Amino acid sequence: MSTIGFIGLGIMGGPMARHLAAAGHDVVGFNRSPEKTRALVNAGGRAAGSVAEAVAGADVVALMLPDSPDVESVLTDGVLGTAEPGTLVIDFSTIRPDVARDLAGQAAEHGLRMLDAPVSGGQGGAENATLSIMVGGADADVDAARPLLEVVGKTVVHVGPAGAGQTVKAANQLIVAGNIALVAEALTFLQAHGADLPAAVEVLGGGLAGSAVLDQKAQKMLDGDFAPGFRVDLHHKDMQIVTSAAAQAGVVTPLGALVAQLVAATRSAGDGGLDHSALFRTIARLNGDLS
Ligand code: NAP
């Protein structure tokens, strides 16, 4: 069993940390707003008052933070100078691949071993420990992390060296955003035709149009239930990652560029705090259906 300093106990990090505690690990959690440590303590973990306190004495440091600057600042201010050499740092956050590579290099200079291990599967995946985890880093470090990763994930795949996990996650976010936009357009189209929506969603789900997005988001769009989940603000961040990583590689992603604009428009309309399925509201607005 490991001692795990877990930083970032939000929608995803909270349930992940609790699963690790339930599996018998000594999980010491820190979150910017301290009340989020309460659920971890109730699940058998411990609360720390600072990043450094969570990291001191840990064999493993797990991060689940919003964006690249958050991971950079937590790592440089609280982890690099505090963690014991040999500590395994697992960054579950979705950040820029180039930043992940750079941070892995900095961690190595401090004698730490770092993996980028972004996840897919949403809040439900975190709560049910069924996440898909795309891991970048050295073979031996991935092998060492695998038993922990398999506590929170169902599909754990080593996709390459440092940063590779984030590259695959960017592709994941491109696919998910595009899928959400098309499901939103299809539902708007079906509504306009007065179609039997539950029947349509059921039969679409059984054919090539079926997807996890259709299964998990279509009914919520129809119900107007946009509680996050995965916030539009975070998907906007991810579309910026896709856009810059594509430009770095000299690749054009025309549909991705359009979907990035739709995500940005959703945010500009004041829906940044809603679930990314609120792209449906943007499509409705474009059709004059929403004030
Ligand atoms: P979230 O609910 O906003 O959680 C982030 C947590 O990090 C918050 O509790 C926040 O504290 C805390 N935090 C921020 N800066 C901190 C700092 N400097 N020190 C300590 N704690 C800090 O976001 P999330 O949905 O869990 O997403 C986390 C990451 O997972 C993101 O990179 C996201 O893109 C990725 N992701 C999310 C989903 C999803 O469905 N939600 C799915 C896959 C991947 P406060 O309470 O003070 O804000």
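Side-chain atoms are counted along with the backbone in the values below, which use heavy atoms only and exclude waters and symmetry mates. Just so you know, ligand 1 is whichever comes first in the structure, and atom 1 is the first atom listed for that ligand. Keep in mind the model is a prediction, meaning the values are calculated, not measured.
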Exercise for the section: For Ser73, check side-chain contact (heavy atoms from CB on, under 4.5 Å) against everything at least two apart and list the hits. Expected result: Asp77
Handout entry: Listed partners of Ala62 passing side-chain contact (heavy atoms from CB on, under 4.5 Å), at least two apart
Key = Ile4, Phe6, Phe92
Exercise for the section: May I ask you to identify the nearest protein heavy atom to atom 41 (N) of ligand 1, giving residue, atom name and distance to one decimal place in Å? Expected result: Gly229 O, 3.2 Å
Problem - atom 13 (N) of ligand 1: the protein heavy-atom neighbour that sits closest, reported with distance to 0.1 Å - result: Leu65 CD2, 3.6 Å
If you measure every N or O of [X] against every N or O of ligand 1, does any of those distances drop under 3.5 Å?
X      : answer
Ser120 : no
Val51  : no
Ser93  : no
Leu234 : no
Lys36  : yes
Ser73  : no

Practice task
Report yes or no: does His235 have a heavy atom closer than 4.0 Å to ligand 1?
Solution key: no
Exercise for the section: Using a strict cut-off of less than 4.0 Å between a Lys/Arg side-chain nitrogen and an Asp/Glu carboxylate oxygen, indicate whether Lys217 and Asp275 qualify as a salt bridge. Expected result: yes
Exercise for the section: Look at Arg285 together with Asp271 and state whether they make a salt bridge at an N to O cut-off of under 4.0 Å. Expected result: yes
With heavy atoms of [X] as the reference, note each atom of ligand 1 found under 4.0 Å away.
X      : value
Val74  : 17 (C), 18 (N), 19 (N)
Lys169 : 43 (C), 44 (C)
Gly8   : 7 (O)
Phe30  : 19 (N), 20 (C)

Handout entry: Within reach of ligand 1, part of His276 (heavy-atom separation under 4.0 Å)
Key = neither
Problem - Region of Arg32 that comes within reach of ligand 1 [heavy atoms, distance under 4.0 Å] - result: both
Problem - Check: Asn179/Ser211 side-chain N/O donor and acceptor closer than 3.5 Å - result: yes
Handout entry: Donor-acceptor pair between Asn287 and Thr188 side chains, under 3.5 angstrom
Key = no
Fill in the blank from the handout: side chain to side chain donor-acceptor pair (under 3.5 Å) with His276: of Arg231, His235, Gln173, His236, only one passes, and it is His235
